[in-house]
*Asks:* 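One structure is given below, represented as structure tokens, and several questions about it will come after.
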Amino acid sequence: MWLMWIYRILILNHEISMASIEPIILGLEGTAHTAGVAVIKGREVIVNESATYFPPQGGIHPREAAIFLAKEFPILIDKVFKRLPFKIDKIDGIAFSQGPGLGPCLRTTATVARAISLRLNIPLLGVNHCIAHVELGRTVTPVDDPLVLYVSGGNTQLITFLNGRYRVLGETLDIAIGNALDTLGREMNLPHPGGPHIEKQAQSGNKLLTLPYTIKGMSFSFSGMVTAAKKLLHDHSIPDVCYSFQEYTFAILAEATERALSCTKKPSVLLTGGVAANAHLQTIIQKVAQEQDTSFQAVPRNLAGDNGVMIAFAGTHLFNTGKILSVEDSQVKPRWRTDQVQVGWIE
Ligand code: AMP
Ligand code: MG
């Protein structure tokens with residue numbers, strides 16, 4: 001009898017401590033094209049919904065994208081709350097993408113987050129979007145202390161953790177790799193976003209055309225390469241231009257990654273962000289990792305692009321380290337850099 005009581009108390013204590021390290025977090029992503037809403041508990045994704053803005057023509061217009069987010073968030077939140085297997089008052093924190101990103105989109109998302117936080121009296125957590133892409137990888141793959149190649153529509157960075165912060169070892173000096181692919185895709189009249197369509201076109205290209213190769217140490221630049229690739233379209237086929245553009249840009253990313261790996265000697269390489277869905281880039285970076293005796297992981301395709309899950313995972317770390325944001329301090333940070341965040345959740 002006594003033994004049974006002791007056993008019950010031990011189990012209860014265990015459940016209480018699990019509850020305190022596994023908060024239930026609502027994540028809201030809204031830095032540019034995607035409205036993402038997810039609820040997670042620890043590493044478990046409970047609900048994940050999103051809606052993506054496709055510009056009718058040209059690139060993403062910040063105000064149009066913000067109007068799209070304002071329309072979609074109430075629909076998504078309603079859907080997510082209805083699908084929760086528990087009452088909404090069980091949610092411990094509201095995490096939102098506070099920056100970096102497009103000002104009008106960030107302000108819309110922050111307004112939604114503040115409203116839910118005040119209405120339900122649940123603490124607010126301000127997440128750095130770039131770090132969320134990294135934390136997603138650290139949560140859903142086996143890597144712990146990786147060199148990160150973060151490749152997306154708005155950012156391209158080589159990141160690693162050192163002395164309390166994620167440090168940027170190298171980055172694009174102008175536009176992001178995803179932006180470069182999408183801009184070139186528009187020139188070819190491919191649907192938006194161009195990245196996955198360029199990947200498909202490149203598979204039937206075989207002639208390597210000459211493009212500029214711009215890398216400075218561990219940083220690089222893509223906008224001149226887009227201009228040069230556009231010119232090649234006058235005399236060459238779309239598959240050959242796509243093939244050449246991927247080969248050149250991915251070789252630059254591989255060279256910078258190799259340099260960063262040989263400097264840092266990190267035990268793993270993590271590929272994250274929307275462009276991480278590209279199978280050819282995965283193969284190239286995996287080869288770089290192998291040659292440096294390092295393991296390789298890419299985030300799963302369905303979580304590579306912007307989503308609410310990554311914001312919720314990063315928000316969990318903020319919650320567990322007491323980094324609660326007051327509404328007064330919740331102004332958005334369109335230019336918030338990866339290396340400005342004090343990372344209190346890694347030893
Ligand atoms: P994110 O900003 O992280 O949501 O990523 C969006 C970017 O990922 C866009 O620029 C897309 O073109 C790009 N992208 C998505 N899938 C692929 C792919 N398979 N190959 C290359 N780029 C891709
Ligand atoms: Mg992103």
Side-chain angles (χ1 to χ4, degrees), residues 27-36 38 48 50-55 58-60 62 65 68-69 96-102 105-106 109 127-137 148-157 159 166 171-172 175-188 190-203 205 222-223 226 229 242-243 245-250 252-253 270-285 298-314 334 336-338:
L28 302 178
E29 158 57 28
T31 52
H33 46 73
T34 297
N48 178 25
S50 66
T52 300
Y53 170 69
F54 292 96
I60 295 170
F68 172 86
L69 298 185
F96 72 104
S97 51
Q98 199 179 1
L102 305 174
C105 299
L106 293 173
T109 309
V127 168
N128 177 291
H129 174 95
C130 310
I131 288 182
H133 275 289
V134 176
E135 291 304 340
L136 170 84
V148 183
L149 177 58
Y150 163 40
V151 281
S152 75
N155 304 280
T156 306
Q157 295 182 327
I159 302 168
Y166 280 116
E171 62 191 315
T172 178
I175 57 172
I177 180 67
N179 189 353
L181 290 164
D182 297 344
T183 308
L184 185 60
R186 278 199 293 282
E187 197 69 14
M188 298 167 172
L190 297 176
H192 180 87
H197 299 281
I198 289 187
E199 178 179 26
K200 201 147 175 248
Q201 290 287 335
Q203 282 159 6
F222 297 120
S223 76
V226 174
C242 291
Y243 168 70
F245 193 76
Q246 278 204 165
E247 292 305 315
Y248 269 76
T249 52
F250 293 176
I252 287 171
L253 293 172
L270 170 69
L271 187 62
T272 191
V275 186
N278 188 294
H280 189 47
L281 180 61
Q282 288 189 13
T283 308
I284 290 174
I285 302 301
V299 293
R301 243 169 185 273
N302 65 324
L303 292 174
D306 295 348
N307 60 76
V309 172
M310 65 186 208
I311 302 298
F313 281 148
W336 198 12
R337 282 186 58 82
T338 307

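Order of appearance sets the numbers: ligands from 1, and atoms from 1 within every ligand.
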*Asks:* Is it the case that the side chains of Tyr166 and Gln157 hold a donor-acceptor pair, with the cut-off being a distance below 3.5 Å and no angle test?
*Replies:*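 There is no such pair (donor and acceptor under 3.5 Å, judged by atom type) between the side chains of Gln157 and Tyr166.
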*Asks:* Could you tell me whether the side chains of Thr52 and Thr34 share a donor-acceptor contact shorter than 3.5 Å?
*Replies:*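 Yes, because at least one side-chain N or O of Thr52 sits under 3.5 Å from a partner of the opposite role on Thr34.
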*Asks:* Would you say the side-chain atoms of Asn307 pair up with the backbone N or O of Leu303, donor to acceptor, closer than 3.5 Å?
*Replies:*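 Present.
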*Asks:* Does a side-chain heavy-atom distance below 4.5 Å link His197 with Pro191?
*Replies:*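 The answer is yes, as the side chains (C-beta and beyond) meet within the 4.5 Å cut-off.
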*Asks:* Between ligand 1 and the protein, tabulate every N or O atom pair separated by less than 3.5 Å, reporting distance only.
*Replies:*
| from | atom 1 | to | atom 2 | distance (Å) |
| --- | --- | --- | --- | --- |
| ligand 1 | 2 (O) | His33 | NE2 | 3.4 |
| ligand 1 | 2 (O) | Gly153 | N | 3.1 |
| ligand 1 | 3 (O) | Gly274 | N | 3.0 |
| ligand 1 | 3 (O) | Asp306 | OD1 | 3.2 |
| ligand 1 | 4 (O) | His33 | NE2 | 3.3 |
| ligand 1 | 4 (O) | Asp306 | N | 2.9 |
| ligand 1 | 4 (O) | Asp306 | OD1 | 3.1 |
| ligand 1 | 10 (O) | Gly178 | O | 3.3 |
| ligand 1 | 10 (O) | Asp182 | OD1 | 3.4 |
| ligand 1 | 10 (O) | Asp182 | OD2 | 2.7 |
| ligand 1 | 12 (O) | Asp182 | OD1 | 2.7 |
| ligand 1 | 12 (O) | Gly195 | N | 3.1 |
| ligand 1 | 19 (N) | Glu199 | OE1 | 2.8 |
| ligand 1 | 20 (N) | Asn278 | ND2 | 3.1 |

*Asks:* Scan side-chain atoms only and decide if Asn155 and His133 contain a donor-acceptor pair under the 3.5 Å cut-off.
*Replies:*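 Absent: no donor and acceptor within the cut-off.
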*Asks:* Does a side-chain heavy-atom distance below 4.5 Å link His33 with His192?
*Replies:*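 SC-SC contact between His33 and His192 ruled out.
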*Asks:* Between His280 and Glu199, do the side chains contain an N or O donor and an N or O acceptor separated by less than 3.5 Å?
*Replies:*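 Not at all, the side chains of His280 and Glu199 share no donor-acceptor pair under 3.5 Å.
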*Asks:* With 2.8 Å as the limit, jot down which protein N, O or S atoms are around the Mg ion (ligand 2).
*Replies:*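 Protein N/O/S atoms under 2.8 Å of the Mg ion (ligand 2): His129 NE2, His133 NE2, Asp306 OD1.
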*Asks:* Is any side-chain heavy atom of Leu181 less than 4.5 Å from a side-chain heavy atom of Ile177?
*Replies:*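 Leu181 vs Ile177: side chains touch.
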*Asks:* Are any of the side-chain heavy atoms of Leu184 and Phe245 separated by less than 4.5 Å?
*Replies:*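 Touching, per the 4.5 Å side-chain cut-off.
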